[in-house]
Amino acid sequence: MQLDEIRKEKQRQFSFKNIAPLKEMVDSLKEYKVDEVIFGDTIEIKGEFDSEVEKVARALMPWRKGPFKIGDLFIDSEWQSFIKYNLLEPHFDLKDKVVADVGCNNGYYMFRMLKQNPKKVVGFDPMALFNLQFEFINHFIKSDKLKYELLGVEHLPFYEEKFDTIFCLGVLYHRSDPVNMLKQLKQGLKKGGEAIIDTFIIKGDEEIALTPKRYAKMRNVYFIPTINALKNWAEIAKFSEFEVLEIKPTDLNEQRKTDWIEGESLNNFLNEDGTKTIEGYPPPIRAYVRLKY
């Protein structure tokens with residue numbers, strides 16, 4: 001697989017009529033004096049900023065992951081992503097490690113990881129809009145430890161370097177061949193490395209998976225396994241260890257509609273009392289798992 005050719009093809013997105021004006025806005029941002037950056041629950045960039053910053057941020061909607069604060073501007077993302085990050089952070093140590101975040105969206109988790117002083121963090125996500133959101137935020141932070149690739153999990157086995165730790169959060173259920181995806185994650189790791197994933201699960205001790213036609217109004221959710229089925233997938237993919245770190249329902253505090261997104265959010269995907277999805281399936285529960293090479 002020729003990754004440089006794929007990279008060139010992905011760059012064509014920036015010439016699309018809906019993306020090109022946004023890229024121009026991000027590329028044209030002037031330099032601002034940043035007083036301090038706080039990598040907390042809200043990634044906060046302190047300083048004096050003018051109305052152009054909000055204009056660009058609004059143009060880059062919808063903001064799915066966050067939140068971010070730039071001066072007085074609060075970007076209230078759909079997901080309160082710190083809930084997931086804070087749940088996982090006690091389980092990993094990234095100091096001096098080469099890290100990948102597969103399905104990185106706008107890089108919120110990548111920015112949070114900087115506090116642990118990794119050697120490098122590479123984000124993988126093929127969506128140009130999310131890349132522009134990342135570039136917008138990094139315009140102020142200017143981290144030289146972060147790299148954004150318009151690539152996906154399928155490119156990991158062919159990537160130019162291997163990783164100590166790979167995060168792959170909220171991706172597995174979007175893949176029609178989850179076992180193959182787990183194999184791709186393993187191929188992206190150094191020997192002894194770890195993959196930290198999260199995925200929807202269903203309750204039960206059987207080694208089975210739900211196969212919905214549509215789940216929570218999403219057409220691209222293919223398999224929702226029990227923990228035992230997920231463990232079997234990991235064993236088939238030849239991971240040596242399988243450790244459940246946490247299991248947590250997704251609730252209306254973690255994912256909700258804000259002024260910074262367009263369209264619907266979790267409350268629109270569930271029935272009136274929140275006990276089932278709109279299609280009648282069990283509501284979203286996520287398992288957070290560490291897999292060792």
A side-chain contact here means heavy atoms from C-beta on lying under 4.5 Å apart; do [X] and [Y] qualify?
X: Leu129; Y: Asn106; answer: no
X: Glu52; Y: Leu29; answer: yes
X: Asn117; Y: Leu94; answer: no
X: Ile202; Y: Pro225; answer: no
X: Val99; Y: Phe163; answer: no
X: Ile227; Y: Ile201; answer: yes
X: Glu89; Y: Gln116; answer: yes
X: Glu31; Y: His139; answer: yes

Answer with yes or no whether the hydrophobic clustering places [X] together with [Y]; edges join I, L, V, M, F, W, Y residues whose side-chain heavy atoms lie under 4.5 Å apart.
X: Ile141; Y: Phe136; value: yes
X: Leu169; Y: Leu146; value: yes
X: Leu22; Y: Ile75; value: yes
X: Trp79; Y: Ile137; value: no
X: Val37; Y: Phe74; value: no

Using modelled atom types and a 3.5 Å cut-off, is there a donor and acceptor pairing between side-chain atoms of [X] and backbone atoms of [Y]?
X: Gln13; Y: Lys10; answer: yes
X: Ser81; Y: Gly66; answer: yes
X: Gln255; Y: Glu78; answer: no
X: Ser28; Y: Met25; answer: no
X: Thr277; Y: Glu279; answer: yes
X: Gln133; Y: Leu60; answer: yes
X: Lys8; Y: Asp4; answer: no
X: Asn138; Y: Ser143; answer: yes
X: Glu264; Y: Phe269; answer: no
X: Arg7; Y: Gln2; answer: no

Heavy-atom count check: over 12 atoms from other residues, nucleotides or ligands less than 6.0 Å from [X] [atom1]?
X: Asp259; atom1: CG; value: no
X: Asp35; atom1: CG; value: yes
X: Lys217; atom1: NZ; value: yes
X: Lys119; atom1: NZ; value: no
X: Asp205; atom1: CG; value: no
X: Glu48; atom1: CD; value: no
X: Glu161; atom1: CD; value: yes
X: Lys213; atom1: NZ; value: no

Check step by step if side chain to side chain contact (heavy atoms under 4.5 Å, CB included) holds for His174 and Val221. CA-CA 5 Å; His174 289 313; Val221 173; 4.2 Å; yes
Passing option when Glu254 is tested against Lys65, Lys248, Lys84 for salt bridge (Lys or Arg N to Asp or Glu O under 4.0 Å):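 Testing each of Lys65, Lys248, Lys84 against Glu254, the sole residue satisfying salt bridge (Lys or Arg N to Asp or Glu O under 4.0 Å) is Lys248.
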Chi angles and distances behind the side chain to side chain contact (heavy atoms under 4.5 Å, CB included) call for Glu160, Leu3: CA-CA 9 Å; Glu160 290 86 353; Leu3 289 187; 3.8 Å; yes
Would you tabulate the side-chain donor-acceptor contacts of residues 285-293 under 3.5 Å, counting partners in other chains and residues two or more places apart, or write 'none'?
{"from": "Arg286", "atom 1": "NE", "to": "Thr250", "atom 2": "OG1", "distance (Å)": "3.3"}
{"from": "Arg286", "atom 1": "NH1", "to": "Tyr173", "atom 2": "OH", "distance (Å)": "3.1"}
{"from": "Arg286", "atom 1": "NH1", "to": "Asp198", "atom 2": "OD1", "distance (Å)": "2.6"}
{"from": "Arg286", "atom 1": "NH2", "to": "Tyr173", "atom 2": "OH", "distance (Å)": "3.0"}
{"from": "Arg290", "atom 1": "NE", "to": "Glu243", "atom 2": "OE1", "distance (Å)": "3.0"}
{"from": "Arg290", "atom 1": "NH1", "to": "His91", "atom 2": "O", "distance (Å)": "2.8"}
{"from": "Arg290", "atom 1": "NH1", "to": "Glu194", "atom 2": "OE1", "distance (Å)": "2.8"}
{"from": "Arg290", "atom 1": "NH2", "to": "His91", "atom 2": "O", "distance (Å)": "2.9"}

I need the [X] [atom1] to [Y] [atom2] distance, nearest 0.5 Å.
X: Trp233; Y: Asp177; atom1: CH2; atom2: CG; answer: 9.5 Å
X: Leu230; Y: Thr199; atom1: CG; atom2: OG1; answer: 6.5 Å
X: Asp50; Y: Glu54; atom1: CG; atom2: CD; answer: 11.0 Å

Between Asn232 and Glu207, is there a side-chain donor-acceptor contact under 3.5 Å, judged purely by atom types and distance?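 Short answer, yes.
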Using a distance-only test with no angle check, is there a side-chain donor-acceptor pair under 3.5 angstrom linking Asp41 and Asn86?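 Side chains of Asp41 and Asn86: pair found under 3.5 Å.
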Closest heavy-atom pair and its distance - Pro157, Val153: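 Shortest heavy-atom separation between Pro157 and Val153 comes out as CD-O, 3.8 Å.
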Which heavy atom of Leu132 sits nearest a heavy atom of Val26, and at what distance?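 For Leu132 and Val26, the tightest heavy-atom pair comes out as O-CG2, 4.1 Å.
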Tell me, with the steps shown, if Thr42 and Phe82 meet side chain to side chain contact (heavy atoms under 4.5 Å, CB included). CA-CA 8 Å; Thr42 299; Phe82 57 86; 5.6 Å; no
Which pairs of donor and acceptor atoms, one on a side chain in residues 178-190, lie under 3.5 Å apart (sequence neighbours left out)?
{"from": "Lys190", "atom 1": "NZ", "to": "Asp164", "atom 2": "OD1", "distance (Å)": "3.3"}
{"from": "Lys190", "atom 1": "NZ", "to": "Asp164", "atom 2": "OD2", "distance (Å)": "3.4"}

Whether Phe68 and Trp63 hold their rings parallel, tilted or perpendicular, with breakpoints at 30° and 60°: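 Ring orientation of Phe68 relative to Trp63: perpendicular.
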Kindly indicate, with the supporting measurements, whether the criterion side-chain hydrogen bond (donor to acceptor under 3.5 Å, both in side chains) is fulfilled by Lys257 and Asn268. CA-CA 9 Å; Lys257 184 173 175 59; Asn268 305 110; over 6 Å; no
Before we go on, tell me: are the rings of [X] and [Y] under 6.0 Å apart, centre to centre?
X: Phe167; Y: Phe92; result: yes
X: Phe200; Y: Phe223; result: no
X: Phe134; Y: Phe111; result: yes
X: Tyr215; Y: Tyr222; result: no

Would you mind listing every ring-ring contact (aromatic ring centres under 6.0 Å, His included) that reaches into residues 37-60, with sequence neighbours excluded?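 The answer is Tyr32-Phe49, Phe49-Phe140.
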Applying side chain to side chain contact (heavy atoms under 4.5 Å, CB included) to Gln80 and Arg256, what does each step give before you reach the verdict? CA-CA 8 Å; Gln80 302 224 68; Arg256 73 275 192 271; 3.6 Å; yes
Please lay out, stage by stage, how Thr226 and Glu206 fare under the test side-chain hydrogen bond (donor to acceptor under 3.5 Å, both in side chains). CA-CA 7 Å; Thr226 61; Glu206 303 104 320; over 6 Å; no
